Amino acid sequence: MSEPEVTAFQDRVYGALSRIPRGCVTTYARLGQSIGCNSARAVGQALRRNPFAPRVPCHRVIAADLSLGGFSGQREGAALDRKLALLVSEGVVFSEGRLVDPTRLITPPVARCR
DNA sequence: GAGTCATTCGTTG
DNA sequence: CAACGAATGACTC
């Protein structure tokens, strides 16, 4: 073990993600905006590294088009199957690989200054 | 509906 | 300091 030295950005991503209640999901773009970043890619990268997994519920983050997005560093394959299982386990139902209830999409508060 | 393109940000060596 | 890569997003045909 070792404690990964996460930079401020990663800390923000994990912090915002950590404030997401169970049964709720958010998108990379929204999460990025919540932490003050305009790029969903930057958020995805931080999650992809996920030095705090499974501590960080990265499976609660999906793409803007309600698609699963990616998981475990893979955009498709069994990894998504795991992500889907986790989401379904939380009460978030998906259909055809897409979120069935977009109402579960939440907008994380702007984690500006705690 | 599908595919392609563009942009931005963070990370690392 | 510089270069590369990325779990996206949006647009167009």
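Chain A is the first sequence line, chain B the second, and so forth, proteins listed ahead of strands; every chain is numbered from 1. Worth saying up front: this structure is predicted, and the values here are computed from it rather than measured.
No contact: Gly32(A) has no heavy atom under 4.0 Å from any strand.
When the C1' atom of dG9(C) is taken as reference, atom CG of Leu66(A) falls 13 Å away, rounded to whole Å. What separates CG of Asp11(A) from P of dC9(B) is a distance of 19 Å, to the nearest Å. The CG-P distance, from Leu87(A) to dA7(C), rounds to 18 Å in whole Å. Following rounding to the nearest Å, Phe9(A) (CZ) and dA6(C) (C1') show an atom-to-atom distance of 12 Å. When the P atom of dA6(C) is taken as reference, atom CD of Glu76(A) falls 14 Å away, rounded to whole Å. The separation between Arg30(A) atom CZ and dT8(C) atom P is 17 Å, rounded to whole Å. In this structure, Arg49(A) atom CZ and dC9(B) atom P are separated by 17 Å, rounded to whole Å. The CG-C1' distance, from Leu47(A) to dC9(B), rounds to 13 Å in whole Å.
The side chain of Arg48(A) contributes an N or O atom lying less than 4.0 Å from OP1 or OP2 of dA7(C).
Between Gly32(A) and Val43(A) the shortest heavy-atom distance is CA-CG2, 3.3 Å. Taking both residues in full, the closest heavy atoms of Tyr28(A) and Leu47(A) are given as CE2-CD1, 3.6 Å, listed atom of the first, atom of the second, then distance.
Listed by chain and number, the residues in a side-chain contact (heavy atoms from CB on, under 4.5 Å) with Arg48(A) amount to none (sequence neighbours excluded).
A donor and an acceptor atom, one from each side chain of Ser67(A) and Arg98(A), are nowhere located under 3.5 Å apart.
When the nucleotides dT11(B), dG10(B), dG9(C) are ranked by their closest atom to the side chain of Thr7(A), dT11(B) comes out on top. In this structure, the nucleotide among dG9(C), dC9(B), dA7(C) sitting nearest to the side chain of Gln45(A) is dC9(B). Taking only side-chain atoms of Arg75(A), from C-beta outward, the nucleotide of dA7(C), dG9(C), dG10(B) with the closest atom is dA7(C). For Ser39(A), the side-chain atoms get nearest to dC9(B) when compared with the rest of dA7(C), dT11(B), dC9(B).
Of the residues listed (Arg104(A), Arg22(A), Arg60(A)), the one engaging Glu90(A) in a side-chain hydrogen bond (donor to acceptor under 3.5 Å, both in side chains) is Arg60(A), and it is the only one.
Checked by atom type and distance alone, the side chain of Ser34(A) pairs as donor or acceptor with a backbone atom of Pro108(A) at under 3.5 Å.
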- Message: Reading 5' to 3' and counting Watson-Crick or G-U wobble pairs with both distances under 3.5 Å, write the dot-bracket notation for DNA chain C, | for bases paired outside the strand.
- Response: ||||||.||||||

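The line from CZ of Phe9(A) to CD of Gln45(A) is 9.0 Å long, rounded to the nearest 0.5 Å.
No hydrogens or angles were tested; on distance alone, a donor-acceptor pair under 3.5 Å links the side chain of Arg41(A) to the base of dT7(B).
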